[in-house]
Structure formats: C-alpha cells, structure tokens
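These notes are about the structure you will find just below.
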2 protein chains.
Amino acid sequence: MELSDKKTAEMFKAFCDENRIKILKLLQGGEKCACVLLDDLHITQPTLSHHMKILCDAEIVVGRKEGKWMYYSISPEGADKAISVLCALTDVHGQGDCCCKE
Amino acid sequence: MELSDKKTAEMFKAFCDENRIKILKLLQGGEKCACVLLDDLHITQPTLSHHMKILCDAEIVVGRKEGKWMYYSISPEGADKAISVLCALTDVHGQGDCCCKE
DNA sequence: TTGACAAATTGAAATTCGTGAATATAATAT
DNA sequence: ATATTATATTCACGAATTTCAATTTGTCAA
C-alpha cells in the first residue's frame, strides 16, 4: 500500500520535534504511563498529551487505557512501516542496497 | 556517533514536507538539475532553493555545481544514517528485531 | 563589457507548530 | 453525591515554517 506524499510527510512529523524524540527514547525501555513520561520531561501535561496524540496519529506509538491511566508504547508495526517508507524513499532506483528492500 | 535529540529532530525535518517528499521521489531516478526539478514541481524557484537547502543541510541530498547549473542527488551515506537513526530510535530494547541493528 | 540565464538570498505575508493556562472529561475513592 | 486524580481538549500566543516577489550573485556567450 502506497502512502500519499502528504501522508508520508505527516508520518515523519512524528520524528521532527525534540520532545517527541525524548518520548520515543523513554518508550524504548518498554510501555510507560503518561504520568511517568511527564515526570521525565520538562513540559506541562497538556503539552505531553499533544505530543502523544501526534505520535499515536502517526501510528508510531499505541496507547492503552487502564483505569485512570494511559500506557503508551512503541508500535513495532508502525515503526517498521516508517522504516520501510524511509528506505523506499531514499533508495536510488537500480542500486538496490537498501536493507529494507522487498 | 550519537546525535543529540535536537539534531535528530532536525534531520527528520527533511522528510516532513510534502514537496520535499516529491523532490526525493524525483531524485530516486538519479541526479537531476534544479531546473528539471522545478519543471516537475508546482513551486517557484526560490521555494525550490529553500527546500534543497534543507535537504542538503540534513545531508540527505548532495549538490554539485556545474557551470550555471546545480545537480542534486540523494546521498546514500546520508540516507543510511537517517535509516539507522530511525531504526535505533524505534527499536524497543531487548527485542532486537531491527534490520539495522549492529 | 553587456546581456542572458540559473540559482541563491532577502523580505514579507500566511500558515503551521509548540506551548501552557484554563477547563472538560473520565475513573476512582471516600 | 462529592472529592480527587489522570488525561484530554480548548484557547491564545509566540516562534518557526512555507511561500512568493524582488533582488542579488555567479556563470557563460556575444
């Protein structure tokens, strides 16, 4: 399934903010509660919520509600999708040295 | 060499604009003159120049001047760097299923 | 040297983005 | 029911980004 150029740009927006990079690095340790992320980042709760929405909309992160808490984790499927789109986008045709080919 | 979170975000900005996605797709066919890119995109010459600067600053694209013309192409090294940073960023520790690991 | 052409830079307008205060919603506990 | 706690939404504002018109710079040809 081919993504539109607009959708592709949209997806990569997940990765072009310093705080979202920090969030992803925190989630590399595994699923984390929003409140824990909030403790580690010097931003307000609404700002965190905003970034989580962008990450979830891009399907790089998935959220799971448990009672009052929201647990977030990196989506392996979303991450793989982003990687393969990036590989496909930067692979010069006829060179075939992209690790994600086929 | 580890990139700062800020630098990482900066790098991915190369991929989060619809026109830059289109430019990369055009460059997949191989090196192209700026004037050729301009013909294929519905943007003005200064706008193209602006986007090419962002792509070159991010080291995803390299430019080569030949007389009056500028030829641009995808930098395999820059692309590989971006891919490996993305892999490293989205790989959940202890899962080790990233194609770019090691 | 002058003219023509390609690309970069500057400046300014419109839009998008990141942020936090205030508020709303949802779930739990008393 | 009421209070409390966790998260989401709304709103407003400043900063950054995208865009194009105008201008400048660089290169070549006559």
Side-chain angles (χ1 to χ4, degrees), chain A residues 4-27 30-75, chain B residues 4-27 31-75 89:
Chain A
S4 72
D5 296 339
K6 194 165 191 165
K7 285 281 175 196
T8 301
E10 205 69 42
M11 187 180 70
F12 286 114
K13 278 182 189 162
F15 306 104
C16 64
D17 176 84
E18 190 178 351
N19 279 314
R20 291 197 287 273
I21 299 295
K22 288 187 203 298
I23 291 166
L24 289 170
K25 284 188 173 177
L26 289 170
L27 294 181
E31 189 184 63
K32 282 198 171 49
C33 177
C35 58
V36 171
L37 295 173
L38 195 53
D39 280 340
D40 290 338
L41 300 162
H42 301 147
I43 56 177
T44 62
Q45 180 271 321
T47 298
L48 175 64
S49 190
H50 165 75
H51 288 305
M52 297 321 293
K53 181 159 170 43
I54 288 171
L55 288 167
C56 289
D57 286 352
E59 293 179 281
I60 303 302
V61 164
V62 286
R64 179 175 66 83
K65 191 168 191 172
E66 191 176 314
K68 300 191 275 188
W69 296 279
M70 274 301 291
Y71 289 94
Y72 292 104
S73 56
I74 291 173
S75 160
Chain B
S4 72
D5 297 339
K6 193 165 190 164
K7 285 280 175 197
T8 301
E10 206 68 43
M11 188 181 69
F12 286 113
K13 280 182 188 165
F15 305 103
C16 64
D17 176 86
E18 190 177 351
N19 280 314
R20 290 196 290 271
I21 299 295
K22 288 187 203 300
I23 290 166
L24 288 171
K25 284 187 173 176
L26 289 169
L27 294 181
E31 188 184 63
K32 282 199 170 49
C33 177
C35 57
V36 171
L37 294 173
L38 196 53
D39 281 339
D40 290 337
L41 300 163
H42 301 148
I43 56 177
T44 61
Q45 181 270 322
T47 298
L48 174 64
S49 188
H50 164 75
H51 287 304
M52 297 321 293
K53 180 160 171 41
I54 288 172
L55 287 167
C56 289
D57 286 352
E59 294 179 282
I60 303 302
V61 164
V62 286
R64 182 175 65 82
K65 190 167 190 172
E66 191 176 315
K68 299 192 276 188
W69 297 281
M70 273 301 291
Y71 289 93
Y72 291 104
S73 56
I74 290 173
S75 159
L89 187 61

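Because only heavy atoms are used, hydrogens play no part in the values below, and waters and symmetry mates are left out as well, while side chains stay in.
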Run the side chain to side chain donor-acceptor pair (under 3.5 Å) test against [X] and tell me which residues pass, sequence neighbours left out.
| X | value |
| --- | --- |
| A:Glu59 | none |
| A:Glu18 | none |
| B:Asp57 | B:Lys53 |
| A:Ser73 | none |

Proximity to the side chain of A:Ser49 - top-ranked nucleotide from D:dT7, C:dA8, D:dA8:
D:dA8
A correct 5'-to-3' footprint of nucleotides 15-23 of chain C, with B, S and - meaning base, sugar-phosphate only and no protein heavy atom under 4.0 Å, is --SSBBBB-
Please encode protein proximity along nucleotides 24-30 of chain D as a string of B, S and -, counting only heavy-atom distances under 4.0 Å.
--BBS--
Whole angstrom value for the distance that separates [atom2] of [N] from [atom1] of [X]:
| X | N | atom1 | atom2 | value |
| --- | --- | --- | --- | --- |
| B:Asp39 | C:dA7 | CG | C1' | 14 Å |
| A:Lys32 | D:dA6 | NZ | C1' | 18 Å |
| A:Tyr71 | D:dT7 | OH | P | 8 Å |
| B:Met70 | C:dA8 | CE | C1' | 10 Å |
| A:Lys53 | D:dT7 | NZ | C1' | 13 Å |
| B:Arg64 | C:dA7 | CZ | C1' | 15 Å |
| B:Glu18 | D:dT17 | CD | P | 18 Å |
| B:Leu38 | C:dA8 | CG | C1' | 13 Å |

Show the numbers, then the answer: is there a side chain to side chain contact (heavy atoms under 4.5 Å, CB included) between B:Leu24 and B:Leu55?
CA-CA 9 Å; B:Leu24 288 171; B:Leu55 287 167; 4.3 Å; yes
Do any pairs count as a salt bridge (charged side-chain N to carboxylate O under 4.0 Å, His left out) and have a residue in residues 61-74 of chain B, sequence neighbours left out, and if so which ones?
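Those involving residues 61-74 of chain B are B:Glu31-B:Arg64, B:Arg64-B:Glu66.
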The criterion is side-chain contact (heavy atoms from CB on, under 4.5 Å); which residues satisfy it with A:Cys56, sequence neighbours excluded?
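Partners of A:Cys56 by the side-chain contact (heavy atoms from CB on, under 4.5 Å) criterion, ordered by chain and then number, come out as A:Val61, A:Tyr72.
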Please enumerate all residues that pass side-chain contact (heavy atoms from CB on, under 4.5 Å) together with B:Cys35, with sequence neighbours excluded.
B:Cys33, B:Trp69
Axis bend over the full length of the helix from C:dT1-D:dA30 to C:dT30-D:dA1, computed from five pairs that close each end, to 10 degrees
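That helix has its two terminal axes inclined by roughly 10°.
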Between side-chain atoms of residues 4-11 of chain A and protein atoms elsewhere (two or more places apart, or another chain), which donor-acceptor pairs fall under 3.5 Å?
from: A:Ser4; atom 1: OG; to: A:Lys7; atom 2: N; distance (Å): 3.0
from: A:Asp5; atom 1: OD1; to: B:Lys25; atom 2: NZ; distance (Å): 2.6
from: A:Asp5; atom 1: OD2; to: B:Lys22; atom 2: NZ; distance (Å): 3.1
from: A:Thr8; atom 1: OG1; to: A:Ser4; atom 2: O; distance (Å): 2.9

Which pairs would a plain distance check flag for residues 37-51 of chain A, meaning a side-chain donor or acceptor within less than 3.5 Å of a matching protein atom at least two apart in sequence or in another chain?
from: A:Thr44; atom 1: OG1; to: A:Thr47; atom 2: OG1; distance (Å): 3.1
from: A:His51; atom 1: ND1; to: A:Arg20; atom 2: NH1; distance (Å): 3.1

Ignoring hydrogens, what is the shortest heavy-atom contact between A:Ile23 and A:Met52? Give both atom names and the distance.
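Closest approach of A:Ile23 to A:Met52: CG2-SD, 3.8 Å.
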